[in-house]
Participant: 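Next up is a structure, given as structure tokens.
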There are 2 protein chains.
Amino acid sequence: MTTIYDALADPTRRRMLDLLRERPRSVNEMVDLLEISQPLASKHLKVLREAGVVQVRQDAQRRWYELRPAPLAEMDVWLSSYRHLWESRYDRLDDLLKELQEDTQNILQDEQQNALQEDTHKENDDEQS
Amino acid sequence: MTTIYDALADPTRRRMLDLLRERPRSVNEMVDLLEISQPLASKHLKVLREAGVVQVRQDAQRRWYELRPAPLAEMDVWLSSYRHLWESRYDRLDDLLKELQEDTQNILQDEQQNALQEDTHKENDDEQS
DNA sequence: TGGTTATATAACTTGACAGTTATATAAGAA
DNA sequence: TTCTTATATAACTGTCAAGTTATATAACCA
């Protein structure tokens, strides 16, 4: 049986996961980005599949690999029992609240952006009419 | 170079860390608890040392192994960039606040315990006097 | 149909690692 | 000093994993 810990032991596989964290990728895309041979990529992806940390979607000849986070979440549970050793609950509360604040600010900025774009569209409409 | 990911790949080493999470342990203690040979334990502990996740304190013939959480914390940073995939910020806030509440309750209980014990001591003092 | 593209797999080599037994080291204890 | 205890290390075996080259599969394309 292949565990998530086995899957993460290889640095190439960790880089693969880092790529898939951004978005799904085809095999050849990862071959190019990681500068490894295609068979090697397929072998590593097989290990990641066996560990259940990626899944595949077929689209004609291409196979889109995407993240399946469950095993990472499971590892996170294990790691949780150690977390108090380096981070107090208040530190973590602090981090989270900062992130939430950033989220809120991003939402506000997006809304302003949208408002601006709508204005521009209106101007264009005016010109065309 | 031995990484924390290499160190965690072996299940016996993960069990060793789980034991050291509770308190420092001698080699033979872990040999008994994990039911492995002494040389094997020493070899695994060497890997954990090389990964920097344990450190040793010598006390006569005994060597007390204890956790050194830095590499786990480093791995936690890596894992953090994936955490949004399975847990919303609000879920985490929820978990943390629950933990903090439990902490507070524990502290209050401890204080009540101490108060009770002090009472008992007073009674004993009374009897003795 | 034949050729091309994308991916997987088989066969192989090499190196690393888990585990074993035997032995070395080094610090008490008698 | 000799014996015992606690741990590390050396030497060895067997398995497994990373990486390679060559080939299979399978879908699209002309």
Side-chain angles (χ1 to χ4, degrees), chain A residues 1-20 22-68 71-72 75 78, chain B residues 1-20 22-68 71 75:
Chain A
M1 210 212 59
T2 307
T3 69
I4 182 63
Y5 304 98
D6 294 322
L8 295 183
D10 185 273
T12 304
R13 285 196 290 266
R14 291 198 298 278
R15 292 174 65 204
M16 284 179 149
L17 293 180
D18 285 339
L19 289 177
L20 296 178
E22 299 170 15
R23 53 185 170 79
R25 312 260 189 181
S26 71
V27 179
N28 271 335
E29 203 179 341
M30 292 190 267
V31 164
D32 291 344
L33 289 168
L34 301 176
E35 293 178 300
I36 59 178
S37 71
Q38 178 270 312
L40 183 56
S42 284
K43 272 181 88 171
H44 279 312
L45 287 168
K46 185 178 186 177
V47 175
L48 293 174
R49 256 174 10 236
E50 285 167 353
V53 76
V54 301
Q55 60 189 10
V56 208
R57 230 175 342 112
Q58 188 152 359
D59 167 30
Q61 313 102 309
R62 266 204 189 71
R63 320 237 168 146
W64 294 100
Y65 277 84
E66 56 190 11
L67 223 52
R68 210 186 137 267
L72 290 172
M75 195 181 75
W78 178 79
Chain B
M1 211 211 60
T2 306
T3 69
I4 181 64
Y5 303 98
D6 294 322
L8 294 183
D10 186 271
T12 304
R13 286 197 290 267
R14 291 199 296 278
R15 291 174 63 203
M16 283 178 150
L17 294 180
D18 286 337
L19 289 177
L20 296 177
E22 298 170 15
R23 53 184 170 79
R25 313 261 188 179
S26 71
V27 179
N28 271 335
E29 203 179 342
M30 292 190 269
V31 164
D32 291 343
L33 289 168
L34 301 177
E35 294 179 298
I36 58 178
S37 72
Q38 178 271 311
L40 183 56
S42 285
K43 273 182 86 174
H44 280 311
L45 287 167
K46 186 177 186 179
V47 175
L48 293 174
R49 258 177 5 241
E50 285 167 352
V53 77
V54 302
Q55 59 189 10
V56 207
R57 228 174 346 110
Q58 189 152 2
D59 167 28
Q61 314 104 306
R62 267 204 189 70
R63 320 236 168 146
W64 294 99
Y65 278 84
E66 57 190 10
L67 224 52
R68 209 186 138 268
M75 195 180 76

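Labels below follow one simple rule: chain letters A, B, ... track the order of the sequence lines, proteins then strands, and each chain is numbered from 1.
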Participant: Taking side chain to side chain donor-acceptor pair (under 3.5 Å) as the definition, give me every residue that meets it alongside A:S42, ordered by chain and number, with sequence neighbours left out.
Facilitator: A:Q38
Participant: Run A:L48 and A:L17 through side chain to side chain contact (heavy atoms under 4.5 Å, CB included) and show every step you take.
Facilitator: CA-CA 9 Å; A:L48 293 174; A:L17 293 180; 4.2 Å; yes
Participant: According to side chain to side chain contact (heavy atoms under 4.5 Å, CB included), who are the partners of A:R25, at least two apart in sequence or on a separate chain?
Facilitator: A:L19, A:L20, A:E22, A:R23, A:E29, A:M30, A:L33
Participant: Heavy-atom count check: over 12 atoms from other residues, nucleotides or ligands less than 6.0 Å from A:E35 CD?
Facilitator: no
Participant: Could you measure the distance from the OG atom of A:S26 to the OH atom of A:Y65? Nearest 0.5 Å is fine.
Facilitator: 10.5 Å
Participant: Going by the salt bridge (charged side-chain N to carboxylate O under 4.0 Å, His left out) test, which pairs reach into residues 49-59 of chain A, not counting sequence neighbours?
Facilitator: A:R57-A:E66
Participant: Listed by chain and number, what are the side chain to side chain donor-acceptor pair (under 3.5 Å) partners of B:D18, not counting sequence neighbours?
Facilitator: A:W78, A:Y82
Participant: Taking any atom under 4.0 angstrom from a heavy atom of chain B, which nucleotides of DNA chain C are the first and last to qualify, 5' to 3'?
Facilitator: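 So the contact region on DNA chain C extends C:dA18 to C:dG28.
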Participant: Is there any protein nitrogen or oxygen under 3.5 Å from a nitrogen or oxygen in nucleotides 17-19 of chain D, and what are the pairs?
Facilitator:
from, atom 1, to, atom 2, distance (Å)
D:dA18, OP1, A:R13, NH1, 2.8
D:dA18, OP1, A:R13, NH2, 2.9
D:dG19, OP2, A:H44, NE2, 2.9
D:dG19, N7, A:K43, NZ, 3.0
D:dG19, O6, A:K43, NZ, 2.6

Participant: Can you tell me how far apart CG (A:L34) and NE2 (A:H44) are? Round to the nearest 0.5 Å.
Facilitator: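 Answer for the CG-NE2 pair, A:L34 versus A:H44, is 9.0 Å.
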Participant: Please confirm whether the backbone N or O of B:L8 pairs with a side-chain atom of B:R14, one donor and one acceptor, at under 3.5 Å?
Facilitator: yes
Participant: Contacts to DNA chain C from residues 53-62 of chain B, heavy-atom cutoff under 4.0 Å, which residues?
Facilitator: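 Going residue by residue through residues 53-62 of chain B, the ones with a heavy atom under 4.0 Å of DNA chain C turn out to be B:A60, B:Q61.
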Participant: Tell me, please, which residues at least two apart from A:A41 pass side chain to side chain contact (heavy atoms under 4.5 Å, CB included).
Facilitator: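 With sequence neighbours excluded, A:A41 shows a side chain to side chain contact (heavy atoms under 4.5 Å, CB included) to A:M16, A:V27, A:V31, A:I36, given in chain and number order.
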Participant: Can you measure B:E29 atom CD to D:dT5 atom P for me and round it to whole angstrom units?
Facilitator: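 Taking CD of B:E29 and P of D:dT5, I get 18 Å after rounding.
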